[in-house]
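Each chain gets a letter, A, B and so on, in the order its sequence line appears, and its residues count up from 1.
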Protein chains: 2
Amino acid sequence: MSIISGKWKLIILFHLMPDKVLRFNELKRLIPGITQRMLTKQLRELEQSDIIERTIYPEIPPRVEYSITEYGRTLQPILQMMHQWGEAHLRRMEAAAAAHE
Amino acid sequence: MSIISGKWKLIILFHLMPDKVLRFNELKRLIPGITQRMLTKQLRELEQSDIIERTIYPEIPPRVEYSITEYGRTLQPILQMMHQWGEAHLRRMEAAAAAHE
DNA sequence: CGGTATCCACAGTGATACTG
DNA sequence: CAGTATCACTGTGGATACCG
């Protein structure tokens, strides 16, 4: 849990899964509402857990790419199941809300 | 995530899964370190999510039993996968620690 | 472009005492 | 037995400004 908990980690992983390569600002654009600080923080934590990889290209302007590691990919079945369960859960909540109208 | 995140929720579910029925103080004894307040809070949250069920027996002394709901049981495959991944993760960390000794 | 540096609010967690 | 009530602490998350 300590590896995937964090407000934005699942969303980040969702965008990098199964094998996308994205730059910092691409991720920022894909995740509305996240601040630069939080994106940096959560990316660093995922990197420290060896779930994602950070590749720096020493150019100007700077370019940094993020991608899933092989180890990170072992999380995919779990995340996929969580995603499916979450969708079903939302449908269930909607059904419950509709029921007492 | 909002349903299973919380420091003790996974541990609580682990003890109630697949179909155990436990009383408040039994859970408290099974989970060393948890305080009464936190156990109550996390149980209430799981109950509100319809993951566990709370049955009150109006006796003296009071008796309250907790059990997994049918809906809660749909989480089992996910929790089991998370558990397995977590164990593998621990072994990996140990191996990494041993490697640079 | 891809970040740090500060500062701050608040939710989550916890210790302790009390109760029907 | 199975909780509340109260108070306190701390880390996560966030807004904003600045930087090589």
Q) How many angstroms lie between atom CG of B:Leu46 and atom CG of B:Leu13, to the nearest 0.5 angstrom? A) 5.0 Å
Q. Nearest-Å distance, CZ (A:Arg63) to P (C:dG3)?
A. 13 Å
Q: Would you mind listing every salt bridge (Lys or Arg N to Asp or Glu O under 4.0 Å) that reaches into residues 6-29 of chain A, with sequence neighbours excluded?
A: A:Lys9-A:Glu45
Q | Where B:Gly72 and B:Ile68 come nearest, the two heavy atoms and their spacing | A | C-CG2, 3.9 Å
Q | Qualifying residues under salt bridge (Lys or Arg N to Asp or Glu O under 4.0 Å), relative to A:Arg63, sequence neighbours excluded | A | A:Glu59, A:Glu65
Q | For A:Thr40, side chain to side chain contact (heavy atoms under 4.5 Å, CB included) partners two or more places apart | A | A:Phe24, A:Arg44
(Q) So for the helix from C:dC1-D:dG20 to C:dG20-D:dC1, with five pairs setting each end axis, what is the inter-axis angle to 10°? (A) 50°
Q) If we only count heavy atoms from C-beta on, is the A:Leu27 to A:Leu43 side-chain gap below 4.5 Å? A) yes
Which pairs would a plain distance check flag for residues 75-96 of chain B, meaning a side-chain donor or acceptor within less than 3.5 Å of a matching protein atom at least two apart in sequence or in another chain?
| residue | atom | partner | partner atom | Å |
| --- | --- | --- | --- | --- |
| B:His83 | NE2 | B:Glu87 | OE2 | 3.3 |
| B:Trp85 | NE1 | A:Thr74 | OG1 | 2.9 |
| B:His89 | ND1 | A:Tyr71 | OH | 2.5 |
| B:Arg92 | NH2 | A:Asp50 | OD2 | 2.3 |

Q. What is the nucleic acid contact for B:Tyr57, judged by heavy atoms within less than 4.0 Å: base, sugar-phosphate only, or nothing?
A. nothing
Q: Please name all residues satisfying side-chain hydrogen bond (donor to acceptor under 3.5 Å, both in side chains) with A:Arg54, sequence neighbours left out, ordered by chain then number.
A: A:Tyr66
**Q.** Path from A:Leu39 to A:Phe14 over hydrophobic side-chain contacts below 4.5 Å
**A.** no
(Q) With side-chain contact (heavy atoms from CB on, under 4.5 Å) as the test, pick out the partner of A:Ser67 among A:Val21, A:Leu16, A:Ile52, A:Leu22. (A) A:Val21
Q: Would you give a per-nucleotide map of nucleotides 14-20 of chain C, 5' to 3', where B means the base has a protein non-hydrogen atom under 4.0 Å away, S means only the sugar-phosphate does, and - means neither?
A: BB----B
(Q) Using 0.5 Å steps for rounding, measure from the NZ atom of B:Lys41 to the CD1 atom of B:Ile34. (A) 11.0 Å
Q | Terminal contacting nucleotides, 5' and 3', DNA chain D versus chain A (heavy atom, 4.0 Å) | A | D:dG13 to D:dG20
Q: Before giving the answer on side-chain contact (heavy atoms from CB on, under 4.5 Å), spell out for B:Leu30 and B:Ile11 the whole-Å C-alpha distance, their side-chain angles and the decisive distance to 0.1 Å.
A: CA-CA 9 Å; B:Leu30 286 169; B:Ile11 306 177; over 6 Å; no
**Q.** Residue-level proximity of residues 40-48 of chain A to DNA chain C when a heavy atom falls under 4.0 Å
**A.** A:Thr40, A:Arg44
Q | Residues in salt bridge (Lys or Arg N to Asp or Glu O under 4.0 Å) contact with B:Glu70, at least two apart in sequence or another chain | A | none
